[in-house]
Amino acid sequence: MPARRPALPEAEAGTAPGAAASRCAMAGPGSGLLRALRGARGRGSSAGGWAGLRGRPDKYGGVSVELAQLPRPRRRERAAFGRWLRASVAQWQKEGRVAVWLHIPILQSRLAAVAASQGFTFHHAESGSATLTRWLGEGPSRLPGYATHQLGVAGAVLDESTGKVLVVQDRNKTVNAWKFPGGLSNPGEDIGDTAVREVFEETGIKSEFKSILSIRQQHQHPGAFGKSDMYIICRLEPSSFNINFCQQECLRCEWMDLDELARTKHATAITSNVAKLLLYGYREGFDKIDITMREFPAVYTGRFYKLYHRELPESYRNMT
Ligand SMILES: NC(=O)C1=CN([C@@H]2O[C@H](COP(=O)(O)OP(=O)(O)OC[C@H]3O[C@@H](n4cnc5c(N)ncnc54)[C@H](O)[C@@H]3O)[C@@H](O)[C@H]2O)C=CC1
Ligand SMILES: [Mg+2]
C-alpha cells in the first residue's frame, strides 16, 4: 500500500550497482528502512519478522534475498511482507540495482503470490524452494533463464570379437523398436558415466566409455516437461557379456549383429543411423567416427572439465 510505504532517507540510498557494500535496503540494524519498518510495526503492522532480512548484492548489480532466514509464518504476514517488499524494491531501485532474486522456501509459498502481485515471476524451483525474479533495470530483462534442456545418454556397446551390439526394446512404448539402452543423466554426472550406468541398470552388462558418436537435439520434447531434449549416443566397450535385463524398463534385450541392426526396419531412426555409423567405424577404423574426450583443469572453479572433440594429431596438440 503506497500510503504506508516507509520514507527512505536519501542518505540511506545510493550504492552503485556491483559494489560489494551492503547498503541495499535491508542492510542492517542501522538502515533507514529497518527503522521505518520498526516504525511501521509500532503503528500496528507485523513487519518486524521481515526487518532482519538482508539483501545480498551480486556482481551483476542485482540483489538476492533468502526468505529462509525468516521466522515461522505469522498472522498478517502477507500484508507485512508486501509492504516490506514494496519498500525494499523502491530502495533497491534508488540504489541502481538491476534485479531482485527472491528465494522462497516451499512452506512460505504463499509469499510467492504477494511477490507476483508486485511484478515478480518464477525463475525456477527445486525440491524445497522457488526462486522468483523481478528485473529493475532499463529495457527488457537481461537475466539468464533456467535450464533449457534435459540430457539423455545411451550406450552403443559393441563386442568387437563377434560384431554384435547390445540392443533393447522399451517396455512402456506403444511401438516396439530396437534401440540402444540409455536414460536420463543425473545432476553432476559425466556423459560417459551416464551411458555406463544406464547400460548396466537396464541390461546388466558392464562396459567402458570410449567416445561420443552422435548428439540429437529436439525442442519441445514430450518427455522433457516442455523443455528441449539432448540425446547423446556413446560408443562403449563391454567387459561382461551375460545379459540380465531390467524387467520394469525393458521388454527384450539381446546382442544383435551390428550389420542386422543397421538394416532392420524395426529400429528407431536414430538407432538405425548410429548403427550405420558404428558399422562404418567398425570396418574402417573408429578414428573415422569417434568424438573423443580429454580432461583439463578448469581455470575458475579449480575442478576439471571434459572436452569432447575429434582426434587431434600430436603435432597440432603440442603446437605453441
Ligand atoms: N530414439 C531413441 O532411440 C530413443 C531416445 N530416447 C531418449 O532417451 C532419453 C530418455 O531415456 P529413457 O529410457 O526414457 O529414460 P530413463 O532410462 O532414465 O527412464 C526413465 C524412467 O522414467 C519413467 N517415466 C518417464 N516419465 C514418467 C512419468 N511422467 N511418470 C512416471 N514415470 C515416468 C519411464 O517409464 C522410465 O522408467 C531421452 O533423451 C530420450 O530422448 C528415448 C527413447 C527412444
Ligand atoms: Mg532407459
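Heads up: numbering here begins at 1 and tracks the sequence. What's counted below: heavy atoms across the whole structure, side chains too, no hydrogens, waters or symmetry copies. Both counts, for ligands and for their atoms, begin at 1 and track the order of listing.
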In the structure I gave you, are the side-chain heavy atoms of E160 and F286 within less than 4.5 Å of one another anywhere?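 When only atoms from C-beta onward are counted, F286 and E160 do touch, with a gap below 4.5 Å.
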Note, V153 side chain near C234 side chain (heavy atom, < 4.5 Å):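 Yes, close enough: below the 4.5 Å cut-off.
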E311/R317 salt bridge by N-O under 4.0 Å criterion: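 E311 and R317: salt-bridged.
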Considering only NZ, NE, NH1 and NH2 on the basic side and carboxylate oxygens on the acidic side, decide whether E249 and R171 come within less than 4.0 Å.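 Result for this pair is no, no salt bridge flagged.
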Any side-chain donor paired with an acceptor under 3.5 Å for D290 and T292?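 Side chains of D290 and T292: no pair found under 3.5 Å.
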Can you list, by chain and residue number, the protein N, O or S atoms under 2.8 Å from the Mg ion (ligand 2)?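 Checking every protein N, O and S atom gives G182 O, E202 OE2, E249 OE1.
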Using the ring of each side chain (for Trp, its six-membered ring), is W92 parallel, tilted or perpendicular to W84, with breaks at 30° and 60°?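 Ring orientation, 0 to 90° scale: perpendicular.
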Neighbouring residues of ligand 1, heavy-atom cut-off under 4.0 Å: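 Contacting ligand 1 under 4.0 Å are G152, N172, K179, G182, G183, L184, E198, E202, R216, H221, D229, M230, Y231, E249, T268, I270, T271.
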Qualifying residue, where the test is side chain to side chain contact (heavy atoms under 4.5 Å, CB included) with M230 and the options are Q218, R216, H221, H149: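 Looking at Q218, R216, H221, H149, the match for M230 under the side chain to side chain contact (heavy atoms under 4.5 Å, CB included) is H149.
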Starting from W255, can I reach V165 by hopping between I/L/V/M/F/W/Y residues whose side chains sit under 4.5 Å apart?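 Cluster IDs for V165 and W255 differ.
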Strictly distance-based, threshold 3.5 Å: is any side-chain N or O of R78 a donor or acceptor partner for the main-chain N or O of R110?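 The answer is no, because no donor-acceptor pair under 3.5 Å joins these two groups.
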